[in-house]
Amino acid sequence: MKTAFKSFTSYIQRCVSLLQNFSAKGMVTGGTVLHCHFLKKGVFSERFIAIRLLIMYLESRKLSEANQMVKEFNGFDLVVQNCLINANIKWGNLSEARKLFDEMPERNEITWTLLISGLMKCGRVEESMLYFERNPFKGVVSWTAGITGLVKNGSSFHGLKLFARLIESGVKPNQVTYSSIISACIEMSDFELGMSVLGLIIKTGFENNVSVCNSLITLCLRMHEFDLARKVFDRMETRDVVSWTAILDMYVEMGNLGEARRIFDEMPKRNEVSWSVIIARYNQYGDNIEALKLFRRMVREGIKPTISCFASILCALASLESLQAGKNIHAHITKIGIERDVFIGSSLVDLYCKCGETRDGRFVFDSIKNKNVVLWNSMIGGYSMNGQMDEAKYLFDNMPNRNNVSWGTLIGGYVEFKQFDTVFEVFNEMILSGETPTKPTFSSVLCACASVASLEKGKDIHGKILKLGFQYDVYLGTALTDMYAKCGDIESSKQVFDRMSERNEFSWTVMIQGLAESGFAKESLALFEEMKRNSSVAPNELMLLSVLFACSHCGLVDKGLEYFGAMESVYGIRPKGRHYTCVVDMLSRSGRLYEAEELINSMPFRPEANALAALLSGCKTYKDEEIAERTARKLVELAEKNSAGFVLLSNIYASAGRWTDVSNIRKLMREKGLKKSVGCSWVEVRNHLHSFYSEDGIHSKSAEINDILELLRSEMTDP
DNA sequence: ATAGGGTTAG
């Protein structure tokens with residue numbers, strides 16, 4: 001042949017790789033053009049080319065073309081049948097694949113392995129193992145397929161037992177087998193075992209194999225042995241994309257996203273996985289904008305996003321609540337036919353629900369055939385974040401398998417929508433069912449304990465956490481600190497806070513606030529100063545409110561004013577109504593009524609009713625009728641707009657004994673249909689909550705309680 | 001044909 005190719009075989013090879021390329025990029029048209037070309041050239045009957053064409057048609061689901069091709073092969077061609085089984089498994093038609101398998105007159109190891117791994121992928125472990133045992137061609141690949149299947153279905157121990165049988169049978173493991181075994185060690189978090197596997201790897205001379213080293217890096221990474229991971233990486237003779245991607249991920253795990261990005265930018269080669277990883281990590285770090293930017297660059301560079309990459313980007317869009325962009329991606333995903341994937345589905349459900357569209361989320365949820373726990377959890381979470389707790393509970397009660405995340409999601413919903421009684425009820429049920437709560441679940445329940453100020457329940461939860469041997473992470477530590485502070489046990493709160501190895505903005509806020517509100521004003525201020533000195537956390541709105549509150553309660557008026565002045569100029573935080581109220585209160589308490597009034601007048605927005613009330617109460621203490629009169633007028637004005645103003649005004653009149661004014665205001669409120677929000681306080685006795693309301697809701701034992709109070713009062717006054 | 005990445009809660 002007079003072509004540019006040295007020989008006919010290399011020409012065929014070139015054709016095959018061209019087809020493979022078209023197939024991988026989903027460019028069927030290009031493939032079809034080649035098909036016609038081959039027919040004309042007469043090389044179509046070349047077996048390699050024909051098979052490649054068949055695979056291409058199968059992968060792009062061009063079924064009529066594929067069937068046409070099958071007819072061209074006479075009888076039951078083993079390789080063709082294998083291709084058909086492979087395609088059916090990929091499409092999820094397991095029964096069709098099995099039918100083909102059963103009808104085959106002869107099979108090879110590939111045939112068997114396809115069925116074994118196909119069954120494993122669908123979670124049908126026992127059936128798969130049955131075929132494994134019946135398989136007459138037990139080579140490395142069959143063994144490895146069995147092992148990985150078990151590991152991926154959460155039976156790593158059985159996977160390792162199969163590995164032991166492999167060694168006994170005399171078959172030599174290959175690099176893929178070792179990778180699977182290392183995955184098993186990772187899944188079982190067994191670093192020791194991983195190290196003994198390493199011994200075996202060295203003994204069999206696989207320690208320089210790229211794939212094996214890649215798996216070893218991942219093992220070290222998961223076990224947080226970063227130095228060792230780096231060592232493995234450094235001593236590799238050749239590194240591939242996977243090695244670079246793994247080491248990039250290590251820096252992310254170490255909290256150094258910047259270094260990871262540097263590696264990503266300087267890697268000799270990037271594949272779709274490297275892109276996936278860096279995008280996913282930016283997303284997990286909350287930098288969704290950068291994730292999107294990278295996604296756009298990736299698409300521009302012609303890299304086809306993987307399913308996981310779409311999942312990450314949908315997750316990023318969900319966090320940004322960009323419904324429209326999310327819908328565009330959804331349309332694209334539908335066009336390329338992967339909208340029924342569970343990973344994609346979970347992200348889509350999350351996207352719609354985060355944007356408040358639970359009905360669209362439910363539509364996606366219903367459209368997915370092979371639902372897994374995560375998908376169910378996403379839908380439950382979707383309802384929970386939108387306060388549709390009944391729907392969430394209904395799904396929860398009717399899901400086929402629950403895990404601890406399902407429980408946690410439901411509980412989190414009840415916490416967010418303040419149904420605290422239900423929180424404890426469901427949490428108890430969870431414990432009784434034998435499920436182990438995760439750290440986020442503990443955080444949620446601690447938040448509920450803090451909200452109802454139940455020290456007893458909070459301590460009980462703390463005990464459970466200790467019993468499980470959970471290390472505090474930032475969230476859990478913060479939740480505990482907050483719980484103890486809000487329940488009045490500031491000592492324990494401080495203890496937990498001091499022991500935390502990592503603290504974020506929330507941790508500092510909670511502790512500063514806890515100290516301030518428990519009356520430890522000086523300690524609160526000292527902690528705020530310590531934070532500014534020793535941490536990278538910047539002061540926030542809530543911290544400054546606590547700081548002002550602390551100054552107010554210590555009588556450190558000038559210091560308070562100093563902080564208040566520094567808010568915008570130094571910390572870049574614009575004071576809100578509550579900050580002004582706090583400062584007005586501080587000034588009024590110390591008798592600096594004129595300054596307080598000035599401050600109210602200088603506010604760029606309407607003051608809170610409480611600010612005026614604080615000033616009025618100061619006027620009462622320091623007997624300044626002039627300012628009182630002006631402030632009262634402002635309060636009346638404000639009262640027209642909200643019920644809080646009316647209530648305050650009526651209380652002020654009441655304390656001044658101006659009862660006619662009081663009844664006038666109450667009448668006005670009734671006319672306007674304004675209702676005073678009911679005050680409530682509660683106390684916990686032997687793990688039972690007793691609530692007391694300021695208005696009609698009366699405690700069932702209020703008569704007895706009042707009798708006892710009367711008795712105590714008399715004992716205190718006449719000893 | 002068998003490995004390495006990705007989805008849910010704070």
Taking A:Thr111 for the side chain and A:Asn82 for the main chain, is one N or O donor matched with an acceptor at less than 3.5 Å? no
Please evaluate the base of B:dG6 for a donor-acceptor partner in the side chain of A:Ser276 within a cut-off of under 3.5 Å? no
Identify whether any heavy atom of A:Ser183 sits under 4.0 Å from a base atom; if not, whether one sits that close to sugar-phosphate; answer base, sugar-phosphate or nothing. sugar-phosphate
Heavy atoms from C-beta onward define the side chain here; which of B:dA1, B:dT7, B:dG10 lies closest to that of A:Leu114? B:dA1
Expected output is a numbered-order residue list: members of residues 371-378 of chain A with a heavy atom under 4.0 Å from any atom of DNA chain B. What is it? A:Val374, A:Asn377, A:Ser378
Between B:dG5 (C1') and A:Ile247 (CD1): distance, integer Å: 15 Å
Please set out all donor-acceptor pairs under 3.5 angstrom arising from side-chain atoms of residues 306-319 of chain A, sequence neighbours excluded.
| residue | atom | partner | partner atom | Å |
| --- | --- | --- | --- | --- |
| A:Thr306 | OG1 | A:Ser276 | OG | 2.9 |
| A:Thr306 | OG1 | A:Ser308 | OG | 2.9 |
| A:Thr306 | OG1 | A:Cys309 | N | 3.2 |
| A:Ser308 | OG | A:Ser276 | OG | 3.4 |
| A:Ser312 | OG | A:Ser308 | O | 3.2 |
| A:Ser319 | OG | A:Cys315 | O | 3.0 |

Residues passing the side chain to side chain contact (heavy atoms under 4.5 Å, CB included) test with A:Asp240, sequence neighbours excluded, are A:Val210, A:Asn214, A:Val242, A:Ser243
Taking atom P of B:dG10 as reference, at what distance in whole Å does atom CZ of A:Phe442 sit? 16 Å
Length of the CG-C1' vector between A:Asn209 and B:dT2, whole Å: 14 Å
Looking at A:Arg222, I'd like to know whether one of its side-chain N or O atoms comes within less than 4.0 Å of OP1 or OP2 on B:dG5. yes
Under 4.0 Å from OP1 or OP2 of B:dT8: is there any side-chain N or O of A:Lys354 that close? no
Within this structure, what is the CZ-to-P distance between A:Arg402 and B:dT8, rounded to whole angstrom? 22 Å
Sequence-distant partners of A:Arg340, salt bridge (charged side-chain N to carboxylate O under 4.0 Å, His left out), two or more places apart: none
Side-chain polar contacts of residues 474-481 of chain A - donor-acceptor pairs under 3.5 angstrom, sequence neighbours left out - could you list them?
| residue | atom | partner | partner atom | Å |
| --- | --- | --- | --- | --- |
| A:Thr478 | OG1 | A:Val474 | O | 2.5 |
| A:Thr478 | OG1 | A:Ser507 | OG | 3.0 |
| A:Thr481 | OG1 | A:Gly477 | O | 2.7 |

Which residues satisfy the side chain to side chain donor-acceptor pair (under 3.5 Å) test with A:Asp397, sequence neighbours excluded? A:Lys393
With a non-hydrogen cut-off below 4.0 angstrom, is A:Asp240 in contact with a base, only sugar-phosphate, or nothing? base
